[in-house]
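Notes for the one structure printed next.
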Amino acid sequence: MPPLQRRQFLQQSAAFGAAAMLGRVGGASAIGIDYDVIIIGAGMSGMTAARLLAEMGPGIKVLVLDARDRVGGRMYTSPDEISPHGVELGAQFIWGSKSDTFELVSKYGMQTRSSQHFGETNFLYYRDGAAPAPRDEALQGELMGKLRKAYEAYQGPDLSLAAFASNNGISGGPEAELLATEAARWAADADGLSLQAAIEDGAAWSQYRDEDFILFGGYSNLAEKMAAELSGKIRLESVVTDILWGEDLCGVIYKDRGVESAVTSRRVIVTLPVGVLQSGDVKFQPPLPKAKQQALDSLAMGQAVVLPMLFSEPFWRDNIPYPGGLRRLDGQVSFTVPHDNKRGGNAINGYFTGDAARQVSSLGPEGALEQALSWLEQTTGVNGLQNKLTWHAVADWVTDPYSYGCYSITRPGGHGQREAFARPVGQTLFFAGEATEPPPHYQSVHGAYRSGKRVVREVASSLGLDDRLPGEAEPTDGAVIELL
């Protein structure tokens with residue numbers, strides 16, 4: 001079937017029901033296929049999957065579609081060359097020395113720097129209108145100990161962290177602020193976060209993470225190095241609107257710089273963030289099975305706005321004599337100082353989560369800066385910061401139409417559903433991305449990387465290929481894999 005007729009057929013399928021329409025023509029042999037695998041999303045998971053599939057053999061035809069005008073997804077380094085290590089507007093760190101991301105750091109010869117001095121013990125905490133002071137670590141430990149003890153004895157359904165705390169006498173005062181700080185670790189509010197996830201997954205993360213690392217050149221540099229190996233396989237500014245799937249054939253309808261187009265494939269890998277999948281911007285034909293939809297609905301997106309700033313002088317040095325920063329007691333407003341006194345540097349990174357992120361987002365870019373400077377002035381007691389500001393950027397992940405949030409969180413009652421979310425639908429529809437990974441790997445770049453490797457094994461197996469990843473397979477005679 002010629003390309004134009006094929007596009008018209010897929011458009012009709014999207015309108016009248018993909019399963020029936022695809023079945024009517026007898027599947028792939030009748031309609032024809034363009035690719036073996038189409039990957040939706042050029043973030044870490046999508047590009048990992050594309051690279052590995054391409055390395056399995058030149059006969060495997062792979063296409064990556066991404067709505068943005070750049071690769072990397074939620075990995076995004078400021079394009080302004082103001083720092084030798086890059087200013088991250090999306091993913092901030094490599095979480096832990098055991099992170100799988102170091103496989104790519106080694107592969108591409110990149111450098112990292114330990115950011116151990118960003119530990120929370122270096123933060124000063126404040127209430128609005130009050131001077132910053134060290135957090136009461138004893139009270140924080142007492143609070144978490146009380147929650148964990150109550151959780152161990154609890155036999156009921158998964159509640160929100162806030163509801164469980166309230167049921168156990170934590171509903172106001174300093175303890176409530178510290179509870180909010182705990183939820184802010186997930187870029188969430190305590191009333192929207194699964195109790196079970198906060199306790200069990202939080203413990204898994206504490207055991208997994210030791211020190212964190214900054215990637216010199218930034219995550220965008222890593223994304224671009226990966227994309228360079230996928231020349232001709234990535235189409236940017238391609239907004240997917242419909243994913244059609246049947247037993248042996250898939251179709252994808254998308255707008256290529258505003259012009260509607262369509263392609264077919266044997267398999268589709270979906271790496272879109274939870275926020276996009278829940279928005280309805282992408283329609284599945286037929287709809288996802290009930291179990292898959294329930295798994296998706298069990299998750300949500302954390303809310304974050306990132307606002308890095310450079311100033312003409314380090315006016316905060318008298319208040320913060322060490323690296324770390326300032327943080328509101330509810331944890332939702334943070335000003336991180338990435339340099340110590342010996343190294344100098346006039347940078348502060350504003351990071352806002354939960355309600356604070358939604359508040360900042362609602363103000364627009366100019367209003368977001370004004371609010372951030374106001375909070376910073378209240379905290380440091382230094383006025384006129386607008387006059388000291390030399391550069392800033394605003395990354396609003398709350399309203400970003402290609403993510404609708406920073407990373408996935410688990411809704412109350414949703415713990416344990418990530419495995420179901422990760423499972424393929426039939427032999428044609430596959431899912432990857434940080435949200436498909438178990439603790440302690442979701443919410444991370446390395447989790448997305450792991451999911452990309454996992455989904456390649458699944459797709460290869462479904463195509464009847466050796467599911468060992470490149471480098472794991474035994475030497476062959478160099479024969480080319482021909483699928484089409």
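- For the pair Leu385 and Asn383, the minimum side-chain heavy-atom distance is 4.5 Å or more.
- The shortest distance between side-chain heavy atoms of Arg70 and Tyr76 falls below 4.5 Å.
- In this structure, the side chains of Asp242 and Tyr254 stay at 4.5 Å or more apart for every pair of heavy atoms.
- For Gln359, the side-chain hydrogen bond (donor to acceptor under 3.5 Å, both in side chains) test picks out Gln371, with sequence neighbours left out.
- Scanning both residues, Leu52 and Val456, for their nearest heavy atoms gives CB-CG2, 4.0 Å.
- Here the shortest heavy-atom pairing between Ser361 and Thr399 reads OG-CG2, 3.3 Å.
- Listed for the Arg411 side chain is no donor-acceptor partner under 3.5 Å among the backbone atoms of Gly192.
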Could you go through the side chain to side chain contact (heavy atoms under 4.5 Å, CB included) check for Leu236 and Asp69 one step at a time? CA-CA 5 Å; Leu236 299 177; Asp69 61 0; 5.6 Å; no

In sequence, state the C-alpha distance, the side-chain angles, and the governing distance for Gln332 and Thr353, and then conclude on side chain to side chain donor-acceptor pair (under 3.5 Å). CA-CA 5 Å; Gln332 295 186 346; Thr353 64; 5.3 Å; no

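- A salt bridge is absent between Glu458 and Arg423: the closest approach of a Lys/Arg side-chain nitrogen to an acidic carboxylate oxygen does not fall below 4.0 angstrom.
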Passes ring-ring contact (aromatic ring centres under 6.0 Å, His included), Tyr407 versus Trp397? Steps please. CA-CA 9 Å; Tyr407 42 65; Trp397 296 101; over 10 Å; no

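- Inter-residue side-chain proximity for Lys292 and Phe421 is flagged as met; some heavy-atom pair is nearer than 4.5 Å.
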Which is it for Met47 and Val71 under the side chain to side chain contact (heavy atoms under 4.5 Å, CB included) test, yes or no, and what are the steps along the way? CA-CA 9 Å; Met47 288 197 293; Val71 295; 4.0 Å; yes

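- When all heavy atoms are compared, the tightest approach of Asp467 to Arg457 is O-CG, 3.2 Å.
- Side-chain atoms of Glu434 come within 3.5 Å of backbone atoms of Gln443 as a donor-acceptor pair (strictly under, hydrogens ignored).
- For Tyr351 and Phe335, the ring centers sit 6.0 Å or farther from each other.
- At least one donor-acceptor pair under 3.5 Å links the side chain of Asp158 to the backbone N or O of Gln196.
- Panel note: side chain Thr379, backbone Trp375; a donor-acceptor pair is recorded below 3.5 Å.
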Intermediate values then yes/no, side chain to side chain contact (heavy atoms under 4.5 Å, CB included), Ile269 and Val37: CA-CA 7 Å; Ile269 298 175; Val37 185; 3.8 Å; yes

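- In this pair, Trp316 and Phe311 present their aromatic rings perpendicular. The plane angle is above 60°, beyond the 30 to 60° band.
- In this structure a side-chain-to-backbone donor-acceptor pair under 3.5 Å is present from Ser451 to Gly433.
- Here Arg450 pairs with Asp100 in a salt bridge; the nearest charged N to carboxylate O distance falls below 4.0 Å.
- Using a 4.0 Å cut-off between a side-chain N of Lys or Arg and a carboxylate O of Asp or Glu, Arg185 and Asp201 do not qualify as a salt bridge.
- Separating the CE atom in Met226 from the CD1 atom in Ile234 is a distance of 9.0 Å, to the nearest 0.5 Å.
- No donor-acceptor pair closer than 3.5 Å links the side chain of Glu200 to the backbone N or O of Ala198.
- Taking CG from Leu288 and CG from Leu429, the interatomic distance works out to 6.5 Å, rounded to the nearest 0.5 Å.
- Listed by chain and number, the residues in a side-chain contact (heavy atoms from CB on, under 4.5 Å) with Ser444 are Trp95, Trp205, His446 (sequence neighbours excluded).
- Note on Arg418 versus Glu437: no salt bridge recorded, every NZ/NE/NH1/NH2 to OD/OE distance being 4.0 Å or above.
- Evaluated for a side chain to side chain contact (heavy atoms under 4.5 Å, CB included) with Phe93, the options Thr112, Thr101, Val445, Asp212 yield exactly one hit, Asp212.
- Judged by the 6.0 Å distance and 45° axis criteria, Arg327 is positioned over the aromatic ring of Phe123.
- Of the possible polar contacts, one joining the Thr241 side chain to the Ile253 backbone as a donor-acceptor pair under 3.5 Å is found.
- Side-chain atoms of Pro412 and Leu159, non-hydrogen and from C-beta on, never get closer than 4.5 Å to each other.
- Shown here for Gly331 and Ser334, the closest heavy-atom pair between the two residues is O-OG, 3.9 Å.
- Side chain of Gln285 to main chain of Lys283: no donor-acceptor pair is present (N/O by atom type, distance under 3.5 Å, no hydrogens or angles).
- Leu277 contributes atom CG, which lies 7.5 Å from atom CD1 of Ile243 (distance to the nearest 0.5 angstrom).
- Side-chain contact annotation: Tyr404 with Gln278, donor-acceptor N/O pair under 3.5 Å absent.
- At a cut-off of 3.5 Å, with distance as the only test, no side-chain donor of Arg74 or Ser403 sits close to an acceptor on the other residue.
- Side-chain atoms of Ser106 never come within 3.5 Å of backbone atoms of Glu103 as a donor-acceptor pair (strictly under, hydrogens ignored).
- Distance check, rounded to the nearest 0.5 Å: CG of Leu195 to OG1 of Thr410 gives 11.5 Å.
- Once rounded to the nearest 0.5 Å, the distance linking CD of Gln417 with NE2 of His415 reads 10.5 Å.
- To the nearest 0.5 Å, atoms CD (Gln294) and CG (Leu299) are separated by 12.5 Å.
- Contact annotation: the side chain of Thr436 never approaches that of Phe430 to less than 4.5 Å [non-hydrogen atoms, C-beta and beyond].
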Does Tyr125 form a side chain to side chain contact (heavy atoms under 4.5 Å, CB included) with Arg328? I'd like the steps, not just the answer. CA-CA 5 Å; Tyr125 288 77; Arg328 203 166 66 184; over 6 Å; no

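- The shortest distance between side-chain heavy atoms of Gln386 and Leu369 falls below 4.5 Å.
- Looking at Ser45, its side chain never comes within 3.5 Å of a backbone N or O of Gly452 through a donor-acceptor pair.
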Before giving the answer on side chain to side chain donor-acceptor pair (under 3.5 Å), spell out for Asp191 and Ser160 the whole-Å C-alpha distance, their side-chain angles and the decisive distance to 0.1 Å. CA-CA 5 Å; Asp191 60 358; Ser160 73; over 6 Å; no

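- Counting heavy atoms from C-beta on, the side chains of Thr271 and Ile39 come closer than 4.5 Å.
- Classification of the Tyr154-Phe164 ring pair by plane angle, with boundaries at 30° and 60°, yields perpendicular.
- Dense packing is recorded around CD of Glu313, with more than 12 heavy atoms of other residues, nucleotides or ligands lying under 6.0 Å away.
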